[in-house]
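Lettering follows sequence order; numbering is per chain, from 1.
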Amino acid sequence: MTAPAPAPVSLFNTLTRRVEPLLPLAPPRVTLYTCGPTVWNYAHIGNFRTFLFEDLLRRWLEHAGYDVFHIMNLTDVDDRTIKAARQAGKRLVEHTAPFTKAFFEDRDYLRIKPAHVYTPATEYMPQMIALVSKLLERGVAYKGEDGSVYFAIAKFPTYGRLSQLDKREIKVGARVASDEYAKGDPSDFALWKKADAADEAVGAVWDAPFGRGRPGWHLECSAMSLAEIAKCCGVQTLDIHAGGIDLIFPHHENEIAQSEGATGQPFARHWVHGEFLNVRGTKMSKRHGNFLTARDLREQGVDAAAVRLLFFQTHYRAPVDFTDEALEGAKEGVRRLGEFHERLKREEGRGKGDGEIAELTKKFEDDVVTALNDDLNAPRAVAALFDFVRATNRELDNPKGGGGAAQALAAFERVTGADLLDILPSERAVAPALARWVEERVAARNQARKSKDFKAADAIRAELVARGVEIEDTPTGTKWRLG
RNA sequence: GGCGCCGUAGCCAAGUGGUAAGGCAGAGGUCUGCAAAACCUCGAUUCGUCGGUUCGAUUCCGACCGGCGCCUCCA
């Protein structure tokens, strides 16, 4: 799968509502900005579904030969972080720091590749203030009667293009902000919110030429992404901006307005949005209380490989229901991949260098490339993977077959290993004492089997199973593993 | 009310204008002392319902039913 760099990758673009070839501004470089977590609490696995799809996107682009610069923001100042800090009786940063740390731990547990740069909003105040100043200068922002600064969407004719707002009507009687009277147009959104008592109480306030206050939610993404791509690449347009589907409106719509209002350049060329993780048909969320955090899964001993496989078995633009049954199925799939991997390593040297397996391997890699290039169709890639596993196992079962196992192993590892899907089972540490005991019992059982004392042999197996050890007799000896 | 998404076997889930991938679970078989693993065979005459377009629709159009999301700080 050494694709000529860079390969043609197509992705659905929310701007046009079509699958389009990815056309970076300056290939092979791709600038990728993904909306990260709000660190007011632990992120749940619904949040992580989005981060996992972005992880696959990043890896696939790199695999295709692109030089990806990945930026992810950390929202550490907004309504929720302030409220949570206040309730905890802490300063803002004291409250958010542990959750930022937890996010990184969860990210590592789920094997998500770290972004090249993480941008916490509170560390980009000068950039945000400068952006607001610029928007005020250009006359697309104004100071409201309440002292906050708003963006005037009337000054930005293409407002609503991303979310097809021109076709929308705001629901009559929908939530009306208390500061409504202060704005020129009810749809104008806050760039900078004048400090109030709660903000002061937790230290979420900054001085700015246009007044003491704090940034509106959308501001950070514009300010930070523009700052980072200017620094790294000297540009004002992102190649890809990704996030959850719920961010299309208003978050991303407002980011476009703010950014383009300031730079006059397109903000992002390709907008990519992932669907939700549901629980019995309803969006997983803190509000519904139907959520599970990454650390919950980790504490249950769930292998991250299973979570990754589970999510990759559904297309990123389709909603997926999280059920225990589905997770169990993914765990079983991961086990099977692990077995197959072990087998390939064991039988790598078998047979001649080509044959049926070489054909299967080629088809496998071609299918994976085709699937992922077509709007990151991971489910189809996974299907090709299991087709390959089954067909190759069949060949390996044939005493005369087996030629090409080394190639199969290499291809298998390229796709399922740490560079791409990253869905191979984690190594499980076994305490030396346990290992010694198991080895002794296995030897005893084989002794019993040798003397045809199957009753004793089965008793020992039951003993092992009771301790969570599964055994498997093979022509080359007895294998065991923790179940 | 506006905009958008979804409804495919027990469960999860791809997909195409020409007659349904893959995974898990289940049944039978090969192998095995027995298991396990692996492999083989079996499952939707059918893709929410009803119409329409078409030689032909699960795939396009319309209506309806059911579920869901967004509509100013939710991944």
Side-chain angles (χ1 to χ4, degrees), chain A residues 17 34-38 43-54 75 78-80 160 163-177 186-190 193 216-219 242-251 253-254 273-278 280-287 309-310 313-315 317-333 335-336 339-340 342-343 371 377-387 389-391 393-398 449 452-454 457-458 461 465 470-475 478-480:
Chain A
R17 313 267 160 165
T34 57
C35 280
T38 301
H44 57 68
I45 57 172
N47 302 124
F48 277 107
R49 183 191 178 196
T50 298
F51 304 146
L52 239 12
F53 119 69
E54 293 163 346
T75 300
D78 79 322
D79 288 0
R80 286 183 301 168
S163 53
Q164 305 189 352
L165 193 71
D166 47 330
K167 289 198 275 173
R168 291 173 178 236
E169 279 172 22
I170 300 297
K171 183 179 182 178
V172 180
R175 182 159 131 202
V176 174
S187 297
D188 289 349
F189 59 92
K193 304 172 99 159
W217 174 39
H218 319 295
L219 188 64
I245 192 170
D246 51 337
L247 298 183
I248 294 173
F249 187 85
H251 189 52
E253 197 68 75
N254 292 351
H273 293 96
E275 253 290 354
F276 284 133
L277 180 67
N278 293 332
R280 279 189 287 279
T282 301
K283 165 188 184 177
M284 178 178 284
S285 71
K286 291 267 165 54
R287 226 185 65 192
L309 177 60
L310 176 64
Q313 276 182 306
T314 305
H315 189 91
R317 284 195 292 114
V320 59
D321 233 56
F322 185 85
T323 64
D324 288 339
E325 214 176 345
L327 180 61
E328 288 307 314
K331 285 182 193 168
E332 187 58 24
R335 184 203 56 72
R336 188 151 167 235
E339 293 273 355
F340 180 67
E342 292 307 315
R343 182 176 194 183
N377 195 326
R380 229 162 67 203
V382 169
L385 170 63
F386 280 100
D387 277 337
V389 170
R390 186 176 4 83
N393 263 323
R394 184 167 51 218
E395 285 306 309
L396 293 172
D397 281 349
N398 177 357
R449 288 173 69 213
K452 307 275 184 211
D453 185 356
F454 297 119
D458 290 348
R461 180 166 59 200
V465 167
E470 290 171 2
I471 60 174
E472 187 180 329
D473 297 320
T474 75
T478 300
K479 295 194 300 172
W480 64 272

**Item:** Gap in Å between the two P atoms, one belonging to B/U19 and one to B/C12, rounded
**Value:** 27 Å

**Asked** Which nucleotide sits closest to the side chain of A/F249: B/G22, B/C40, B/C71?
**Response** B/C71

**Message:** Side chain of A/M284 only, heavy atoms from C-beta on: which candidate in B/C40, B/A75, B/G10 is closest?
**Reply:** B/A75

**Item:** Among B/C34, B/G15, B/A13, the one nearest A/R380 by side-chain distance
**Value:** B/G15

**Prompt:** Distance between the P atoms of B/G23 and B/A14, in whole angstroms?
**Reply:** 15 Å

**Request:** Using a 4.0 Å heavy-atom cut-off across all strands, classify A/E339 as base, sugar-phosphate, or nothing.
**Result:** sugar-phosphate

**Prompt:** Reckon A/I471 touches a base, only the sugar-phosphate, or nothing at all at heavy-atom distances under 4.0 Å?
**Reply:** base

Only pairs under 3.5 Å count here: list side-chain donor-acceptor contacts from residues 43-54 of chain A, not counting sequence neighbours, and write none if there are none.
residue : atom : partner : partner atom : Å
A/H44   : ND1  : A/G46   : N            : 2.9
A/H44   : ND1  : A/N47   : N            : 3.2
A/H44   : NE2  : A/N47   : OD1          : 3.4
A/N47   : OD1  : A/H44   : N            : 2.8
A/R49   : NH1  : A/E275  : O            : 3.4
A/R49   : NH1  : A/F276  : O            : 2.7
A/R49   : NH1  : A/A318  : O            : 3.0
A/R49   : NH2  : A/H315  : O            : 3.0
A/R49   : NH2  : A/A318  : O            : 2.9
A/E54   : OE2  : A/G243  : N            : 3.4

**Message:** At less than 4.0 Å, is any side-chain N or O atom of A/R317 found next to OP1 or OP2 of B/A14? Yes or no.
**Reply:** no

**Prompt:** Which part of the nucleic acid, if any, lies within contact of A/T38, taking any heavy atom under 4.0 Å across all strands shown: a base, the sugar-phosphate backbone alone, or nothing?
**Reply:** sugar-phosphate

**Asked** Can you tell me how far C1' in B/G28 sits from the matching atom in B/G66, rounded to whole Å?
**Response** 38 Å

**Asked** How far, in whole Å, is B/A20 from B/U59 if one measures between their P atoms?
**Response** 14 Å

**Asked** Are any of A/N278's side-chain N or O atoms less than 4.0 Å away from OP1 or OP2 of B/C6?
**Response** no

**Asked** Any donor-acceptor pair under 3.5 Å between the side chain of A/R461 and the base of B/A35?
**Response** yes

**Request:** Tell me which nucleotide among B/C5, B/A75, B/A35 gets nearest to the side chain of A/E275.
**Result:** B/C5

**Message:** Let's test this: given Watson-Crick or G-U wobble pairing with both distances under 3.5 Å, identify the partner of B/G1.
**Reply:** B/C71

**Asked** Just checking A/F189: base, sugar-phosphate only, or nothing, at a heavy-atom cut-off of under 4.0 Å?
**Response** base

**Asked** How long is the line joining NZ of A/K479 and C1' of B/A38, in whole Å?
**Response** 10 Å

**Request:** Just compare B/A75, B/A14, B/A38 and give me whichever is closest to any side-chain atom of A/R343.
**Result:** B/A38

**Asked** Contact class for A/H44 vs. all strands (heavy atom < 4.0 Å): base, sugar-phosphate, or nothing?
**Response** base

**Request:** Give the nucleotide from the list B/C12, B/A75, B/G33 with an atom nearest to the side chain of A/V320.
**Result:** B/C12

**Prompt:** Distance between the P atoms of B/A63 and B/A21, in whole angstroms?
**Reply:** 32 Å

**Message:** With hydrogens left out and only the distance checked, is there a donor-acceptor pair under 3.5 Å joining A/D458's side chain and the base of B/G33?
**Reply:** yes

**Message:** If you only use heavy atoms from C-beta on, which nucleotide in B/G4, B/A14, B/A38 is closest to the side chain of A/P379?
**Reply:** B/A14

**Message:** Mind checking if A/S285 touches a base, just sugar-phosphate, or nothing, with heavy atoms under 4.0 Å?
**Reply:** nothing

**Asked** How would you label the contact of A/D246 with the nucleic acid (heavy atoms, under 4.0 Å): base, sugar-phosphate, or nothing?
**Response** base

**Message:** Considering every strand and a 4.0 Å limit on heavy-atom distances, what is the contact class for A/G243: base, sugar-phosphate, or nothing?
**Reply:** sugar-phosphate

**Prompt:** Between A/Q313 and B/G22, is there a side-chain N or O to OP1/OP2 distance below 4.0 Å?
**Reply:** no

**Asked** Do the side chains of A/E339 and A/K479 get nearer than 4.5 Å, heavy atoms only?
**Response** yes

**Request:** State the pairing partner of B/G66; accept Watson-Crick or G-U wobble contacts with both distances under 3.5 Å, and report none otherwise.
**Result:** B/C6

**Nearest-neighbour nucleotide for the A/N393 side chain, B/A38, B/A14, B/U72 considered** = B/A38

**Message:** Counting the atoms with a prime plus P, OP1 and OP2 as sugar-phosphate, which does A/L309 contact under 4.0 Å by heavy atoms, base, sugar-phosphate, or nothing?
**Reply:** nothing

**Prompt:** Paired with B/G51 by Watson-Crick or G-U wobble geometry, both distances under 3.5 Å: which nucleotide is it?
**Reply:** B/C61

**Request:** Please identify each residue that fulfils ring-ring contact (aromatic ring centres under 6.0 Å, His included) with A/H273, with sequence neighbours left out.
**Result:** A/H252

**Request:** Counting Watson-Crick and G-U wobble pairs only, both distances under 3.5 Å, name the nucleotide matched with B/G28, or none.
**Result:** B/C40

**Asked** Nearest of B/A14, B/C24, B/C34 to any side-chain atom of A/A318?
**Response** B/A14

**Message:** So A/R280, base contact, sugar-phosphate only, or nothing? Heavy-atom distance under 4.0 Å.
**Reply:** nothing

**Asked** What integer number of Å spans the C1' atoms of B/C61 and B/U54?
**Response** 12 Å

**Message:** Please confirm whether the shortest side-chain N or O distance from A/R390 to OP1 or OP2 of B/C39 is below 4.0 Å.
**Reply:** no

**Item:** A/N377 and A/P379, any side-chain heavy atoms less than 4.5 Å apart
**Value:** yes

**Request:** Start with the C-alpha distance between A/E332 and A/E328, add both sets of side-chain angles, then the distance that settles side-chain contact (heavy atoms from CB on, under 4.5 Å), and finish with yes or no.
**Result:** CA-CA 6 Å; A/E332 187 58 24; A/E328 288 307 314; over 6 Å; no

**Prompt:** Between A/H251 and A/W217, how do the two ring planes meet: parallel, tilted or perpendicular, split at 30° and 60°?
**Reply:** parallel

**Request:** Assign A/E332 to base, sugar-phosphate, or nothing according to its heavy-atom contacts below 4.0 angstrom with the strands shown.
**Result:** sugar-phosphate

**Request:** Write down the distance separating the C1' atoms in B/C47 and B/U16, rounded off to the nearest Å.
**Result:** 12 Å

**Request:** Count the heavy atoms belonging to other residues, nucleotides or ligands that lie under 6.0 Å from CZ of A/R287, then report whether that count exceeds 12.
**Result:** no

**Prompt:** Under 4.0 Å: is that the gap between some side-chain N or O of A/T474 and OP1 or OP2 of B/A37?
**Reply:** no

**Message:** Is it the case that the base of B/C11 and the side chain of A/D321 share a donor-acceptor contact (distance under 3.5 Å, atom types as modelled)?
**Reply:** no

**Asked** When the C1' atoms of B/G7 and B/U58 are considered, how many whole Å apart are they?
**Response** 12 Å

**Item:** Short side-chain N/O contact from A/R80 to OP1 or OP2 of B/A75, under 4.0 Å
**Value:** yes

**Message:** Using modelled atom types and a 3.5 Å cut-off, is there a donor and acceptor pairing between side-chain atoms of A/D473 and backbone atoms of A/T478?
**Reply:** no

